[in-house]
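All residue numbers refer to positions in the sequence shown, counting from 1.
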Amino acid sequence: YNTNVKVIAAIISIIGSFAYLHISGANIAASRAFIMTSIFIVSTIWGRSPYPLRSVMIAAFLILLFLPEYVLHPSFQLSFAAVLCLISGYEFYMKNKSILGNSKGIVSSIKLYIFANIYSSLLASIMTAPYVIYHFYKFANYSILMNLIAVPMMSFFMMPLVLIASILMPIGLDSPVLKLLSYFISIVIDSEDFIVKLPGAVWAVG
């Protein structure tokens, strides 16, 4: 009763995120995400409202301060271009969300989820297209369609199953969960294989 539970949860979140950062290999995108998340968590502890664009700039500054050559790295360019576009796109949506109407309920929630998936995928695809073409000489035209399949699979099935499997591993009961996880992974892989074979799926530009 005498302790702010939110502060304790925030500190544990930072420690857990830092551990995951190193387990994942501390790549550029993960480092950016960790720095931005930490800024949000610290702001919560201090009772401040963080400004997303400022946290992106701080993340870019810290990464380039220690590794300035990363400014030419595809991962840096793609990660920051995508997140800047998504934050700006979200702010635009918040100012114009009346376009979707103010209805509530299951149907409205499903409509909003589908719209958000298409909207974010479209924004990220457009913003990262120049970098993808420049570095990899190709562009995937059906990335939005693939995201409509992959994102719900990841969010509702795969990530929860990964978490459950991790909890059950020490007692040796993870096998059924991992088999179920492999089923959803195969759906994503088969979907990707089908979409990439559609006419005009990929534009080669070099």
Side-chain angles (χ1 to χ4, degrees), residues 1-68 70-71 73 75-97 100 104 108-110 112-113 115-117 119-121 123-124 127-128 147 150-171 173-174 177-178 181 184:
Y1 291 107
N2 298 322
T3 307
N4 189 336
V5 179
K6 187 182 288 187
V7 173
I8 296 173
I11 293 170
I12 292 172
S13 297
I14 292 177
I15 295 171
S17 299
F18 184 73
Y20 176 78
L21 175 67
H22 284 274
I23 290 172
S24 67
N27 61 52
I28 298 172
S31 299
R32 174 197 54 73
F34 171 74
I35 295 169
M36 290 181 63
T37 303
S38 298
I39 291 170
F40 269 72
I41 292 171
V42 171
S43 299
T44 302
I45 294 174
W46 287 345
R48 301 284 296 274
S49 297
Y51 183 49
L53 286 177
R54 186 176 293 132
S55 67
V56 177
M57 295 302 110
I58 294 171
F61 172 77
L62 290 175
I63 291 173
L64 295 178
L65 179 66
F66 296 101
L67 299 161
Y70 273 13
V71 73
H73 200 286
S75 181
F76 180 90
Q77 295 172 5
L78 290 168
S79 179
F80 278 92
V83 78
L84 276 170
C85 183
L86 290 172
I87 290 171
S88 302
Y90 177 75
E91 290 184 355
F92 175 81
Y93 162 73
M94 291 303 293
K95 293 176 182 177
N96 301 276
K97 59 182 179 180
L100 288 180
K104 296 181 180 179
S108 178
S109 298
I110 293 172
L112 178 61
Y113 180 82
F115 167 78
N117 199 340
Y119 181 57
S120 58
S121 298
L123 286 177
M127 199 65 185
T128 57
N147 282 344
V151 172
M153 287 287 176
M154 290 287 292
S155 302
F156 295 120
F157 302 107
M158 293 166 68
M159 292 309 294
L161 286 171
V162 167
L163 182 60
I164 294 170
S166 300
I167 296 170
L168 295 177
M169 274 181 186
I171 55 176
L173 297 176
D174 56 301
V177 180
L178 290 176
L181 175 62
F184 288 109

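- Scored by the side-chain hydrogen bond (donor to acceptor under 3.5 Å, both in side chains) test, Asp174 finds no partners at all (sequence neighbours excluded).
- Atom CE of Met158 is separated from atom CZ of Phe184 by 9.5 Å, given to the nearest 0.5 angstrom.
- Annotation: the span from Leu178 atom CG to Leu173 atom CG amounts to 11.0 Å, rounded to 0.5 Å.
- Residues Phe80 and Ala59 come closest through the heavy atom pair CZ-C, 4.0 Å.
- Looking at residues two or more places apart in sequence or on another chain, you find a side-chain contact (heavy atoms from CB on, under 4.5 Å) between Met159 and Met154.
- Rounding to the nearest 0.5 angstrom, the gap separating the CG atom in Leu64 from the CD1 atom in Ile28 is 9.0 Å.
- A side-chain donor-acceptor contact under 3.5 Å links Tyr119 to the backbone of Gly89.
- In this structure, Ala33 has no side-chain contact (heavy atoms from CB on, under 4.5 Å) partners at least two apart in sequence or on a different chain.
- Every residue two or more places apart in sequence or in another chain that forms a side-chain contact (heavy atoms from CB on, under 4.5 Å) with Ile12 is listed here: Ile8.
- When each of Ile39, Ile87, Leu86, Val83 is checked for a side-chain contact (heavy atoms from CB on, under 4.5 Å) with Pro52, only Ile87 meets the rule.
- For the side-chain hydrogen bond (donor to acceptor under 3.5 Å, both in side chains) condition, the pairs that include at least one residue of residues 28-38, sequence neighbours left out, are Arg32-Ser79.
- We find the OH-CG distance between Tyr93 and Leu123 to be 13.0 Å, quoted to the nearest 0.5 Å.
- The two residues Ala29 and Ser75 have their closest heavy-atom pair at N-OG, 4.1 Å.
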With side chain to side chain contact (heavy atoms under 4.5 Å, CB included) as the criterion, how do Asn4 and Ile45 come out once you've worked through the C-alpha distance, each side chain's angles and the decisive distance to 0.1 Å? CA-CA 9 Å; Asn4 189 336; Ile45 294 174; over 6 Å; no

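- Taking a 6.0 Å sphere around OH of Tyr90, one finds it holds 12 or fewer heavy atoms contributed by other residues, nucleotides or ligands.
- With sequence neighbours excluded, the residues forming a side-chain contact (heavy atoms from CB on, under 4.5 Å) with Ser155 are Tyr113, Val151, listed by chain and number.
- From Glu91, atom CD reaches atom CG of Leu53 across 5.0 Å, with rounding to the nearest 0.5 Å.
- Listed by chain and number, the residues in a side-chain hydrogen bond (donor to acceptor under 3.5 Å, both in side chains) with Thr128 amount to none (sequence neighbours excluded).
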For residues 163-170, which side-chain donor-acceptor pairs fall under 3.5 Å, sequence neighbours excluded?
| unit_1 | atom_1 | unit_2 | atom_2 | d |
| --- | --- | --- | --- | --- |
| Ser166 | OG | Val162 | O | 2.9 |

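- Between atom CG of residue Asn117 and atom CG of residue Leu112 there is a gap of 11.0 Å, rounded to the nearest 0.5 Å.
- Annotation: ring-ring contact (aromatic ring centres under 6.0 Å, His included) contacts involving residues 25-60, sequence neighbours excluded, comprise Phe18-Phe34.
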